[in-house]
Asker: 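One structure follows; several queries about it will come next.
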Amino acid sequence: MTTPTPTASSAASLSSSASSFAAPAVAIAYHSGFGHTAVLAEAVRDGAAEAGATVHLVKVDEITEEQWELLDAADAIVFGSPTYMGTASGAFHVFAEATSKRWATRAWQDKLAAGFTNSGSKSGDKLHTLQFFTVLAAQHGMHWVNLGLLPGWNSTTASENDLNRLGIFLGAGAQTDSDRGPDGVHKADIATAEHLGRRVASQAAVYAAGRAAVAA
């Protein structure tokens, strides 16, 4: 059974109650070793922008002070990295350790967080990378946004073109053959990353509206 594709209208409906407020800011903090994860980051960006967010792509291995400030000002931060040796890349770990200054001041407290990753194998221990992201988010007091999709490609009537074809709940996962370049990232995995972007942006809008309502 093919997993239904969420539409822009369904994403927009999630944030309709927040329509009178400023667009949420979503920052995507990612590292890409060979370009595959960058494809996913761009897909998350496209989905979030489609849902009405202002989106910033931040390459964590080239991060500037201005980009640190973008992360500090964001309503949601989406973490992304390839899975190398069963965890996030070394470059992403360097970034994660550098966030300790924000941890000490609780600068990211109560922001939303989410994550995505790519590896060459169907499993490839991608779950551990996503779990690393969730622990990083928890250290900062952030609220995790999961993928929110049923698994695809898990029955005789299903297809590898289903959304969430790898059946991951914690975030967006992709599998790309190790001998293929960034153009080999599976279209279903790109669509799943777009869905994650829409979901994060929509939830950020709802969250901001709720905060405003409580403060009123």
Side-chain angles (χ1 to χ4, degrees), residues 11 15 18 21-84 87-118 129-130 132-145 171-172 174 182 185 190 193-194 196-209 211-212 215:
S15 58
F21 297 92
V26 175
I28 302 166
Y30 76 98
H31 171 247
S32 185
F34 299 96
H36 307 89
T37 309
V39 171
L40 298 178
E42 291 164 1
V44 174
R45 175 200 61 194
D46 293 346
E50 182 183 5
T54 299
V55 190
H56 306 287
L57 284 176
V58 177
K59 296 180 180 179
V60 300
D61 53 331
E62 302 175 3
I63 192 167
T64 65
E65 188 56 41
E66 181 182 6
Q67 289 173 323
W68 277 113
E69 292 173 2
L70 288 175
L71 295 180
D72 294 343
D75 298 294
I77 302 175
V78 185
F79 302 123
S81 169
T83 294
Y84 293 157
T87 188
S89 65
F92 193 93
H93 275 269
V94 169
F95 161 76
E97 290 188 18
T99 68
S100 61
K101 293 181 180 179
R102 271 71 187 170
W103 172 86
T105 62
R106 311 315 290 161
W108 294 357
Q109 181 87 22
D110 290 329
K111 293 183 185 296
L112 300 185
F116 60 93
T117 187
N118 175 82
T129 298
L130 293 171
F132 169 71
F133 292 157
T134 64
V135 172
L136 175 62
Q139 288 273 323
H140 284 281
M142 303 170 80
H143 303 291
W144 188 259
V145 178
V185 178
I190 293 173
E194 290 173 348
L196 179 66
R198 286 192 297 269
R199 178 167 166 80
V200 169
S202 298
Q203 292 304 307
V206 171
Y207 196 71
R211 276 182 162 179

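These values consider heavy atoms only, across backbone and side chains, with no hydrogens, waters or symmetry-generated copies.
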Asker: May I ask you to decide if the ring planes of Y84 and F34 are parallel, tilted or perpendicular, using 30° and 60° as cut-offs?
Answerer: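 Aromatic pair Y84/F34 classed perpendicular.
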Asker: Output yes when a side-chain donor or acceptor of S32 lies under 3.5 Å from a complementary backbone atom of A38, and no otherwise.
Answerer: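 Pair found, side chain donor or acceptor close to backbone of A38.
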Asker: Mind checking the CD-CD spacing from E50 to E194? Nearest 0.5 Å is all I need.
Answerer: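 Going from the CD atom of E50 to the CD atom of E194 covers 7.5 Å.
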Asker: Aromatic rings F79 and F133: how do their planes relate, parallel, tilted or perpendicular, breaks at 30° and 60°?
Answerer: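 Rings of F79 and F133: tilted, 30 to 60°.
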Asker: Sub-3.5 Å donor-acceptor pair from the side chain of E97 to the main-chain atoms of V94, do we have one?
Answerer: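 No; zero donor-acceptor contacts below 3.5 Å.
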Asker: Any idea which heavy atoms bring V39 and P182 closest together, and the distance?
Answerer: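 Here V39 and P182 meet closest at CG2-O, 3.7 Å.
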Asker: Taking the side chain from S100 and the backbone from W103, do they hold a donor-acceptor pair closer than 3.5 Å?
Answerer: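 Checked: no pair found.
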Asker: Is there a side-chain contact between L57 and E42 (heavy atoms, below 4.5 Å)?
Answerer: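 They are in contact (side-chain heavy atoms under 4.5 Å apart), so the answer is yes.
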Asker: Looking at every heavy atom in both L71 and A27, which two are closest together, and how far apart are they?
Answerer: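 Looking at all heavy atoms of both residues, the shortest contact is CD2-CB, 3.5 Å.
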Asker: Tell me whether T99 contacts the main-chain N or O of R102 through its side chain, where contact means a donor paired with an acceptor under 3.5 Å.
Answerer: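 Looks like no, no N/O pair under 3.5 Å.
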Asker: Enter the distance from K101:NZ to D72:CG here, rounded to the nearest 0.5 Å.
Answerer: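 Answer for the NZ-CG pair, K101 versus D72, is 11.5 Å.
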Asker: What closest approach, in Å, do A193 and A172 show between heavy atoms, and which atom pair accounts for it?
Answerer: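 Distance-wise, the nearest heavy atoms are CA-CB, 4.2 Å.
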Asker: Are the side chain of S89 and the backbone N or O of S81 linked by a donor-acceptor pair below 3.5 Å?
Answerer: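 No; judged by distance alone, with no hydrogens or angles, the pair does not exist.
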Asker: Would you check if the side chain of T54 reaches a backbone N or O of A25 as a donor-acceptor pair within less than 3.5 Å?
Answerer: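 Here the side-chain-to-backbone pair does not exist.
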Asker: Classify the ring geometry between W68 and F95 as parallel (under 30°), tilted (30 to 60°) or perpendicular (over 60°).
Answerer: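 W68 vs F95 ring planes: parallel.
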Asker: How long is the gap from OG1 on T37 to CD1 on I28, to the nearest 0.5 Å?
Answerer: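 T37 OG1 to I28 CD1: 12.5 Å, rounded to 0.5 Å.
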Asker: Considering non-hydrogen atoms only, spot the tightest contact between A113 and M142 and give its length.
Answerer: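 Shortest heavy-atom contact: CB-CE, 3.7 Å.
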Asker: Is H140 close to K111 at the side-chain level, that is, under 4.5 Å between some pair of heavy atoms?
Answerer: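 Not touching, per the 4.5 Å side-chain cut-off.
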Asker: How close do S202 and A51 get, heavy atom to heavy atom, and via which atoms?
Answerer: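 Taking every non-hydrogen atom into account, OG-CB, 4.0 Å.
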Asker: To the nearest 0.5 Å, what is the distance between CG on L130 and CH2 on W144?
Answerer: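 One finds 6.5 Å between CG of L130 and CH2 of W144.
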Asker: Taking C-beta and beyond as the side chain, do Y207 and D75 meet within less than 4.5 Å on heavy atoms?
Answerer: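 No; the side chains remain at least 4.5 Å from each other.
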Asker: What distance do L40 atom CG and R45 atom CZ have between them, rounded to the nearest 0.5 Å?
Answerer: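 With rounding to 0.5 Å, CG (L40) is 12.0 Å from CZ (R45).
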Asker: Can you name the closest pair of heavy atoms from I77 and A29 and give their distance?
Answerer: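 Scanning both residues completely, I find the closest heavy atoms to be CG2-CB, 4.2 Å.
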Asker: Going from CD on E66 to NE2 on H56, what distance comes out if it is rounded to the nearest 0.5 angstrom?
Answerer: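 Spacing of CD (E66) from NE2 (H56) equals 9.5 Å.
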